[in-house]
2 protein chains.
Amino acid sequence: MELDQRKLQILRAIIDEYILSASPVGSKSIRQSADLNWSSATIRNEMADLEALGYLAQPHTSAGRIPSDKAYRLYVNQMLSHAALSQEELKLLNGYYRNRIDGIESVLRSTAHVLSEITHYTAIVMMPDLATNRLRHFQLVPLTEGKALSVIVTDAGVARDSVIDIPPDMTPDELEALSRTITRRCYNCRMSTVGEKLIKEIGAELKSRGDFLSALLERLDESSQTGMNMVELAGARNMLRYPEYNDVNKAKTFLATVEQRDSIYRMMKKASNMEFTITIGRENEQEGLQDCSVVTATYRVNDMPLGTFGIIGPTRMDYNRVISVLQGVQQNLAYVLQSYLKED
Amino acid sequence: MELDQRKLQILRAIIDEYILSASPVGSKSIRQSADLNWSSATIRNEMADLEALGYLAQPHTSAGRIPSDKAYRLYVNQMLSHAALSQEELKLLNGYYRNRIDGIESVLRSTAHVLSEITHYTAIVMMPDLATNRLRHFQLVPLTEGKALSVIVTDAGVARDSVIDIPPDMTPDELEALSRTITRRCYNCRMSTVGEKLIKEIGAELKSRGDFLSALLERLDESSQTGMNMVELAGARNMLRYPEYNDVNKAKTFLATVEQRDSIYRMMKKASNMEFTITIGRENEQEGLQDCSVVTATYRVNDMPLGTFGIIGPTRMDYNRVISVLQGVQQNLAYVLQSYLKED
DNA sequence: TGTTAGCACTCTTTTATCTTGAGTGCTAAT
DNA sequence: ATTAGCACTCAAGATAAAAGAGTGCTAACA
């Protein structure tokens with residue numbers, strides 16, 4: 001079911017206009033603003049066709065048309081202009097990253113704020129997934145009887161810690177020895193392979209501590225994954241700027257959805273193996289996001305994907321700009337994060 | 001300027017009513033609901049007096065009265081009923097903490113969510129201030145040329161890390177040796193005294209590395225303080241429940257204020273040396289919180305204050321309940337956190 | 001056959017007007 | 001000092017009318 005050139009042009013004009021105005025666009029206004037040379041009657045006919053094909057909807061008779069999810073999908077797939085950011089905007093963006101030296105997670109958290117500020121949408125940044133990172137240090141620090149803190153440090157300059165139960169008769173010296181063994185044996189191993197390696201190499205030694213070892217491995221695994229608390233969310237309030245959220249109840253629902261970290265987390269996790277994703281309206285599985293679009297991108301260092309970040313906005317978001325911004329941030333992140341990382 | 005018994009009774013009734021209804025209360029309704037035995041005319045006279053004294057305000061003639069900040073202040077100082085939580089609520093609260101074993105920060109972060117859920121206001125929890133904690137482990141992990149990650153672990157089971165510049169000629173062995181020295185010399189020292197101690201004990205040895213040492217000390221100091229990213233905020237959206245935020249613009253302003261972490265951070269920091277604080281309306285320095293009240297409390301372990309947490313709500317918040325909940329959470333936190341801490 | 005001008009019709013939005021009702025302040029009586 | 005009574009005020013709700021934006025359809029035109 002191909003759309004001819006004219007239909008495409010009209011559809012595009014409608015979407016562009018609607019992204020700007022958020023109110024149904026009529027045949028007349030589109031003719032002027034997009035400089036289309038057909039009469040409004042012709043345009044009206046085409047609009048009726050486009051509606052029949054499911055690209056447009058009418059809130060009520062005698063109102064203009066608004067684009068459907070299907071229309072946005074077409075728009076995103078075929079009509080993006082891929083405009084790069086302006087010099088100014090790039091400068092602004094770079095400026096944010098110039099003096100960032102306080103660690104990867106800190107950079108990423110502020111990235112969320114930067115993103116939300118320059119797009120005026122809601123931004124999400126996942127902390128790095130350490131699976132592809134390399135272990136640099138492992139330490140068990142005794143806390144109280146039966147408990148210790150396990151700390152890992154990777155080559156990406158990220159530390160992760162968690163409390164772990166230890167056998168009550170395990171001495172601090174034993175813990176220290178174990179820490180050194182693990183650090184030595186697994187130095188520079190990818191986090192995803194550390195567990196395996198440990199079982200093979202020291203499983204036998206620690207046979208008597210079987211339970212502890214398996215708890216430890218599990219904990220290592222957990223730490224290297226990006227947990228639920230590792231999602232930075234910023235600018236949720238920005239949604240209140242847009243007329244679609246003038247209704248306090250809608251706003252409440254939206255905020256409830258994004259504050260529900262675990263669902264956002266799952267969503268981002270799912271997007272994490274894609275370089276770039278755009279999910280429009282009802283394409284979102286999340287109940288509360290079905291009037292929203294989500295655009296995600298991957299940040300990488302030395303071509304190693306580390307994590308995912310993205311933007312949530314109303315379905316009529318400015319896709320062109322959002323994509324440009326994400327690409328700009330992607331580049332900046334690659335550059336900044338690189339300074340924490342060594343070549344393979 | 002003392003208020004007589006009757007005025008107090010009436011004022012209290014008005015406040016109680018207004019907390020419930022959020023709409024101006026009139027002389028008649030107050031008479032019924034609070035079972036006051038004076039005629040509405042008498043009550044009206046008293047209300048006029050109370051208004052003249054600054055305790056009440058009238059949105060417009062022919063509307064009821066609403067309490068002023070001054071009234072809430074009086075209410076909070078003299079009229080709280082100090083009702084404990086019900087058995088049910090206590091049970092619910094305890095339930096949240098029953099299975100929490102994944103570390104102090106995690107407990108605290110979820111505390112923010114629990115608080116916001118059971119009060120239906122906005123909750124803030126500051127991560128622990130480590131100044132009074134004792135050092136358990138210190139580690140410098142080399143990352144790339146000129147950079148290392150510094151990690152501290154304290155007896156409270158908290159790890160903090162940050163990237164630090166190191167002299168380019170410093171070898172991994174040197175870093176490791178330094179880490180051990182610091183851990184050994186300062187083991188079980190309060191974080192607030194570690195810097196001092198280091199200068200005294202190894203300042204001489206490291207004279208050649210003067211710059212590095214001072215950077216290190218600074219970093220230690222920073223890490224032991226609660227930074228701006230160490231504020232967990234939850235339930236901001238709850239404010240949309242209340243009619244005072246039915247106006248989308250007000251809601252936006254509020255959300256902007258609390259998302260501005262650093263100001264919230266400063267506010268909490270200021271409250272951190274008080275066991276309990278209640279700040280009402282314009283008493284708040286924060287521009288955007290002048291229609292809100294903030295109630296904070298300290299969480300402690302073994303009588304050692306660790307940090308601050310609190311509630312932000314509209315000035316007409318249910319002070320009694322908020323205070324009860326904060327006390328309940330305070331106790332639960334003390335109990336749960338204790339399991340991570342050793343006696344002095 | 002595709003395009004367009006014209007026009008009647010639809011339905012939301014805006015504006016104006018009226019009504020209702022909760023609540024007050026004041027006065028006069030108790 | 002207290003209270004019943006009453007005129008008055010003002011926001012909020014209801015109703016009605018007018019305006020305006022946009023459509024679909026028909027008939028004329030190239």
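When reading the values below, keep in mind they use all heavy atoms of this one structure, side chains included, and skip hydrogens, waters and symmetry mates. Note on naming: letters A, B, ... go to the chains in the order of the sequence lines (proteins, then strands), and numbering restarts at 1 for each one.
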Check: protein-nucleotides 5-12 of chain D nitrogen or oxygen pairs below 3.5 Å:
{"residue": "D:dG5", "atom": "O6", "partner": "B:Arg44", "partner atom": "NH2", "Å": "3.3"}
{"residue": "D:dT9", "atom": "O2", "partner": "B:Ser62", "partner atom": "OG", "Å": "2.9"}
{"residue": "D:dC10", "atom": "O4'", "partner": "B:Ser62", "partner atom": "OG", "Å": "3.2"}

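Side chain to side chain, A:Thr122 and A:Asn238 fail the donor-acceptor criterion of an N or O pair below 3.5 Å. Side-chain atoms of A:Tyr55 and A:Asp49 include no donor-acceptor pair closer than 3.5 Å. Judged by distance alone, the side chains of A:Tyr319 and A:Ser293 do bring a donor and an acceptor atom under 3.5 Å apart.
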Determine all donor-acceptor pairs shorter than 3.5 Å in which one atom belongs to a side chain in residues 58-65 of chain B; sequence neighbours excluded.
{"residue": "B:Gln58", "atom": "NE2", "partner": "B:Ala63", "partner atom": "O", "Å": "3.2"}
{"residue": "B:Arg65", "atom": "NE", "partner": "B:Glu51", "partner atom": "OE1", "Å": "2.7"}
{"residue": "B:Arg65", "atom": "NH2", "partner": "B:Glu51", "partner atom": "OE1", "Å": "3.0"}

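Comparing atom distances between the A:Ser39 side chain and each of C:dT24, D:dG24, C:dA5 picks out C:dA5 as nearest.
Straight-line distance from the CE atom of A:Met47 to the P atom of D:dG22: 9 Å, rounded to whole Å. Remark: P of D:dA4 and CD1 of B:Ile43 are 11 Å apart, rounded to the nearest angstrom. The separation between B:Leu36 atom CG and D:dT3 atom P is 12 Å, rounded to whole Å. As rounded to whole Å, 15 Å separates atom C1' of D:dG24 from atom CD of A:Glu46. If you take CG of B:Asn45 and P of C:dG23, they are 17 Å apart, rounded to a whole angstrom. Distance B:Asp4 CG to D:dT2 C1': 14 Å, rounded to the nearest Å. B:Arg31 has its CZ atom 14 Å from the P atom of C:dG23, to the nearest Å. Rounded to a whole Å, the CG atom of B:Asp49 is 13 Å from the C1' atom of D:dA1.
A close approach under 4.0 Å does occur between a side-chain nitrogen or oxygen of B:Ser27 and OP1 or OP2 of C:dT24. Note on A:Arg65: every side-chain N or O is 4.0 Å or more away from OP1 and OP2 of D:dA21.
Within the 4.0 angstrom heavy-atom criterion, no nucleotide atom of any strand lies near A:Ser40. Looking at heavy-atom distances under 4.0 Å, B:Arg6 makes contact with sugar-phosphate atoms alone, never a base. Within 4.0 Å of A:Ser29, counting heavy atoms only, lies no atom of the nucleic acid at all.
Considering every non-hydrogen atom in both B:Ala234 and B:Ser116, the closest pair reads O-CB, 3.5 Å.
Pairs engaging residues 243-253 of chain B under the side-chain hydrogen bond (donor to acceptor under 3.5 Å, both in side chains) rule: B:Glu244-B:Arg316 [sequence neighbours left out].
Tested against A:Thr277 for a side chain to side chain contact (heavy atoms under 4.5 Å, CB included), the candidates A:Thr296, A:Thr308, A:Val295 yield a single pass: A:Thr296.
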